[in-house]
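Quick caveat, the model's predicted, so the values are computed rather than measured.
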Amino acid sequence: MEENNKLAIPIAIVIAGLLIGGAIYLVNKGSTNTPGTNNQEKEITVAPVTTDDHILGNPDADVVIIEYSDTECPFCKDFHSVMHQVIDEYGKDGKVAWVYRHFPLASIHPKAPREAEATECAAELGGNDGFWAYIDRLFEVTPGNNGLDLSELPVIAEEVGLDRAAFESCLESGRYEDKVQASYQEALDAGGRGTPYNILLVGDQKIPFEGGQSLAGMRAVIETALKGSIPTSN
């Protein structure tokens, strides 16, 4: 931070005070993980956003939100809807982009890895639009908490206009198992212990937070991030 900005509160500390949300935890359910606390004690390492990612909005946006998500997490289901509203409000102006990555907690949601692979098959067959159409529908129909019947996966593909036979062949091949597992490991390495796990990229800053936030909460976070810092009263 430049010398003339010493009277500004770091974005991560401000956001820490703004966010309170629900999450499903892989370990230690009683723990919390908010920006400006334990994850700020060490550098957050996260893979750069590339054209291989699933993105809504301009990848060069002022604020990029990387979400590591589990399709059977009920908090992720709710947050998915919130993030669409965020993109509707901020994405068209190039202010915010949303990057979706996989963090299936197989120990509590054993169906989630298979569902994540299904979304990758949708992306293979339908590109970025196919991915988003598929995962949007998947979140609509799953009751959460490992409640989706996996026989519905090819039905969803057909519903969103994908070739069902090609989708089934892709899913049965298992060719996206490694990609999903790599994304899961990346989330862990970046400090994730619960879903949804999010990292805000604001300039050179990487600001992590866990939990499904409300639309009002996300607006507050985004407006704070867009300003860059909050001046102190002194």
ask   = Is the count of non-hydrogen atoms from other residues, nucleotides or ligands lying under 6.0 Å from Asp88 atom CG greater than 12?
value =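 Counting neighbours around CG of Asp88, more than 12 heavy atoms of other residues, nucleotides or ligands fall under 6.0 Å, so yes.
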What's the spacing between [X] [atom1] and [Y] [atom2] if we round to 0.5 Å?
X      : Y      : atom1 : atom2 : answer
Ile44  : Asp189 : CD1   : CG    : 11.0 Å
Glu117 : Gln181 : CD    : CD    : 10.0 Å
Glu72  : Lys77  : CD    : NZ    : 9.0 Å
Glu210 : Phe75  : CD    : CZ    : 12.0 Å
Met83  : Leu215 : CE    : CG    : 10.0 Å

Can you hop from [X] to [Y] via hydrophobic side chains spaced under 4.5 Å?
X      : Y      : answer
Tyr90  : Val82  : yes
Ile135 : Val180 : no
Tyr197 : Ile55  : yes

inquiry  = Could you walk me through whether Phe139 and Thr71 satisfy the side chain to side chain contact (heavy atoms under 4.5 Å, CB included) test, starting with their C-alpha distance in whole Å, then the side-chain angles of each, then the deciding distance to 0.1 Å, before giving a yes or no?
reply    = CA-CA 7 Å; Phe139 270 121; Thr71 50; 4.1 Å; yes
message = Is the shortest side-chain heavy-atom distance between Thr119 and Glu115 below 4.5 Å?
response =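 Contact flag for Thr119/Glu115 side chains = no.
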ask   = Less than 4.5 Å apart, any side-chain heavy atom of Tyr176 and any of Glu124?
value =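 Touching, per the 4.5 Å side-chain cut-off.
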ask   = Which residues pass the side-chain contact (heavy atoms from CB on, under 4.5 Å) test with Ala165, sequence neighbours left out?
value =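 Asp163.
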ask   = Among all residues two or more places apart in sequence or in another chain, which pass the side-chain contact (heavy atoms from CB on, under 4.5 Å) test with Asp93?
value =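 If we apply the side-chain contact (heavy atoms from CB on, under 4.5 Å) test to Asp93, skipping adjacent residues, the hits are Lys95.
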Using every non-hydrogen atom in the two residues, find where [X] and [Y] come nearest and quote the distance to one decimal.
X      : Y      : value
Lys92  : Glu89  : NZ-O, 3.3 Å
Asp70  : Tyr100 : N-OH, 4.3 Å
Ser183 : Arg101 : OG-CB, 3.7 Å
Asn198 : Phe79  : OD1-CE2, 3.3 Å
Ile87  : Leu56  : CD1-O, 3.8 Å
Asn145 : Pro74  : OD1-CD, 3.4 Å

key: Co-members of Val155 in a cluster of I, L, V, M, F, W and Y side chains, linked at under 4.5 Å   =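 Reading the cluster by chain and number, Val155 sits alone, since nothing else belongs.
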key: ILVMFWY cluster membership beyond Leu138 - transitive side-chain contacts under 4.5 angstrom   =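 Joined to Leu138, directly or through intermediates: Leu125, Tyr134, Val141, Leu148, Leu150, Leu153, Ile156, Val160, Leu162, Phe167, Leu171.
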ask   = With sequence neighbours left out, which residue pairs that include part of residues 71-174 fulfil the disulfide (SG to SG under 2.5 Å) condition?
value =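 The answer is Cys121-Cys170.
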Full working for salt bridge (Lys or Arg N to Asp or Glu O under 4.0 Å) between Lys227 and Glu223 = CA-CA 6 Å; Lys227 291 175 183 176; Glu223 293 296 338; 5.8 Å; no
task = Start with the C-alpha distance between Ile199 and Tyr68, add both sets of side-chain angles, then the distance that settles side chain to side chain contact (heavy atoms under 4.5 Å, CB included), and finish with yes or no.
result = CA-CA 8 Å; Ile199 298 176; Tyr68 292 93; 4.2 Å; yes
task = Could you tell me how the ring of His54 sits relative to the ring of Phe131: parallel (under 30°), tilted (30 to 60°) or perpendicular (over 60°)?
result =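 Plane angle under 30°, so parallel.
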task = Show your working on side chain to side chain contact (heavy atoms under 4.5 Å, CB included) between His80 and Asp136 and close with a plain yes or no.
result = CA-CA 8 Å; His80 195 81; Asp136 288 350; 2.7 Å; yes
message = Ignoring hydrogens and geometry beyond distance, is a side-chain donor-acceptor pair present between His102 and Glu120 at under 3.5 Å?
response =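 Short answer, yes.
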Output side-chain donor-acceptor pairs under 3.5 Å for residues 57-67, partner residues at least two apart or in another chain, one line each.
unit_1	atom_1	unit_2	atom_2	d
Asn58	OD1	Asp60	N	2.8
Glu67	OE1	Trp98	NE1	3.0
Glu67	OE2	Ser69	OG	3.4

key: Evaluation steps, salt bridge (Lys or Arg N to Asp or Glu O under 4.0 Å), between Arg114 and Glu172   = CA-CA 10 Å; Arg114 183 76 162 177; Glu172 289 307 312; 2.7 Å; yes
ask   = Under the side chain to side chain contact (heavy atoms under 4.5 Å, CB included) criterion, do Val86 and Gln213 qualify, and how do the steps go?
value = CA-CA 11 Å; Val86 165; Gln213 309 301 321; over 6 Å; no
